[in-house]
Amino acid sequence: MSESRRAERAGMLAVALTAILWGTSGTAAAMAPELSAVTVGAIAMCGGGLLQAAVNARALRAAWMAPGAERAGRMTPSVTELWPVALLGGVCVMIYPLCFFGSMRVGGVALGTVVSLASAPLVSAVIERIADGRRLTTRWTVACLLGIVGSGALALSRSESSHGDALSGNHSAAVGVGLGLLAGVTYAGLSWAMRRLMNRSVPRGAAAGTVMGLGGVFLLPVVAIGIPAVITHPGTLGVLAYLVLVPQFLGYVLFSRGLGRIDSSTATTITLIEPAVATALAVGVLAEPITAIGWVGIAVLATALLVLLAPRLPPSAGSASTSVEAESSTGRSTHEAVPRSRRGA
C-alpha cells in the first residue's frame, strides 16, 4: 500500500470515529428533554467551537498575525489574506446547527435527517468541482449513493415521535426540506472551508480553530437566548457538558485531522454512518423500535464505508502514466490535502 493511500485511510478512519461521536448526540440530548433541540445544538456547537479556538490559540495567533512566508519556493498566505474563506466557514458553523435541528423540529425527524445529511456529500462534490476543479471518482459516486440509500432506509425506520420538538401538530414539509437543504449546504461549506485553509498551508489546528471559533462567536446571541432555560433546569448541565466536550470538541478535532488527508466530499460521505450509530444507541439505550428496513439501512451504510476503504485495483499503464503526470503538475499526491510539515498537532 502506498504512503498516500495509508494517509488517506487514516483520514477516513478519523472521520468515521467523528461520525460515531456525533451519533451519540441524539441519545445524549434525549437526556435533557427540558431544553429545545435548537438550544442544545447552539450551546453544543458554540462551546465546542470556542474550545477549538482556545486550545489552538497559539497557532491561531501565528496564522492570523504572521505575514505570508515563502515555503517550497512559493509564498503561502496567512489566514488574514484568506479571511473570506474563514468568514464563510464561521458563518456556516453558525447556521448549520440551527437549520439541522430546525429541520427536524418543523419537518419531522425522518425528513430532517435524510435531507440534511444526505444532501451534504452532493453539495460538497459540487463545491469542489466548481472551486477546486476536482473530478468525481467512481468509488466516491458508488459510496455516496449507497450512503444516501442507507440513510433514507434508516430514516424511514425511525418513528416520527422520537425525541424532538414540535412547533404544532402539523409539520410543514416544505419548510423542513428547505431548512434541511440549508443544513446540508452549510455542513458542506464548513467542511470545505477548513480543508481549503489547510490546502493553502494553514496548520490544521489554526484552520479548525479559525472556522469553529468564529462560528462559536457568531452563535453567542443564540446561546444567550437559551441560557434562562438552562438556569431553570440545572440538571441539564451534565448533558450539555458532554455534548460540548465529546461530540463537538473532540469530534471536530478528529474531523479536522481527517480533512487534512481526504477531500471534503469524501468526509461528508463517511459521516453518513452517523444515523446508523444514532439508531443503534436509540435501540440499545432508549429502547426505541427499529424495523427490518432500518437494519438493511445500517448494512448499506457499512457497505458504503467499505467501498471507500477498499484497496485500489492496480492501475493500468495508461492510467498510471496519467496519474503520474497529474501528480507532477500539482507537486504532490491528490490524496494528501495538507503538507506534512503544516498539519500541526
Among residues at least two apart in sequence or on other chains, which ones pass side-chain hydrogen bond (donor to acceptor under 3.5 Å, both in side chains) with Trp22? none
Output for pair (Leu181 CG, Cys99 SG), nearest 0.5 Å, gives 10.0 Å
Give a yes or no on whether the backbone of Phe249 and the side-chain of Gln52 come within a donor-acceptor separation of less than 3.5 Å. yes
All side-chain hydrogen bond (donor to acceptor under 3.5 Å, both in side chains) counterparts of Thr24, not counting sequence neighbours: Tyr242
Minimal non-hydrogen separation, Ala267 against Phe255, with atom names: CB-CE1, 3.9 Å
If the condition is side-chain contact (heavy atoms from CB on, under 4.5 Å), which residues does Val277 pass it with, not counting sequence neighbours? Ile20, Leu281
Report yes or no: does Arg195 contribute a side-chain atom to a donor-acceptor pair with the main-chain N or O of Ile262 at less than 3.5 Å? yes
Sorted by chain and number, sequence neighbours left out, side-chain contact (heavy atoms from CB on, under 4.5 Å) with Val142 holds for Thr138, Leu146, Val307
By the rule that ILVMFWY residues connect when side-chain heavy atoms come within less than 4.5 angstrom, directly or transitively, which residues belong alongside Val126? Ile130
Tell me every residue that passes side-chain contact (heavy atoms from CB on, under 4.5 Å) with Leu145, counting only those two or more places apart in sequence or in another chain. Thr141
Side chains of residues 207-215: which donor-acceptor partners sit under 3.5 Å, not counting sequence neighbours?
unit_1	atom_1	unit_2	atom_2	d
Thr210	OG1	Trp64	NE1	3.1
Thr210	OG1	Ala206	O	2.7

Can you tell me how far OG1 of Thr269 sits from CG of Asp263, rounded to the nearest 0.5 angstrom? 8.0 Å
With Leu13, which residues qualify under side-chain contact (heavy atoms from CB on, under 4.5 Å), at least two apart? Leu309
Pair Val85, Leu197 - check side chain to side chain contact (heavy atoms under 4.5 Å, CB included), show working. CA-CA 7 Å; Val85 176; Leu197 291 175; 4.0 Å; yes
Would a hydrophobic clustering, with Ile, Leu, Val, Met, Phe, Trp and Tyr connected at side-chain separations under 4.5 Å, put Val149 with Trp140? no
Check the pair Val239 / Leu35 against side chain to side chain contact (heavy atoms under 4.5 Å, CB included), numbers first and verdict last. CA-CA 11 Å; Val239 172; Leu35 303 179; over 6 Å; no
At what distance, to the nearest 0.5 angstrom, does CG of Leu50 lie from CE of Met45? 11.5 Å
Using atom types as modelled, flag every donor-acceptor pair under 3.5 Å from a side chain in residues 292-301 to any protein atom, sequence neighbours excluded.
none

So side chain to side chain donor-acceptor pair (under 3.5 Å) across residues 216-235, not counting sequence neighbours, yields none
Using residues 184-194 as the side-chain source, report each donor-acceptor pair under 3.5 Å to any protein atom, sequence neighbours left out, with the distance given to one decimal.
unit_1	atom_1	unit_2	atom_2	d
Thr186	OG1	Leu182	O	2.9
Thr186	OG1	Ala183	O	3.0
Tyr187	OH	Thr271	OG1	2.6
Ser191	OG	Tyr187	O	2.9
Trp192	NE1	Asp132	OD2	3.2

Show me the pairs that pass side chain to side chain donor-acceptor pair (under 3.5 Å) and involve residues 119-130, at least two apart or across chains. Ser124-Thr268, Glu128-Ser264, Glu128-Ser265
Could you grab the distance from atom SG of Cys46 to atom CD of Gln248, nearest 0.5 Å is fine? 10.5 Å
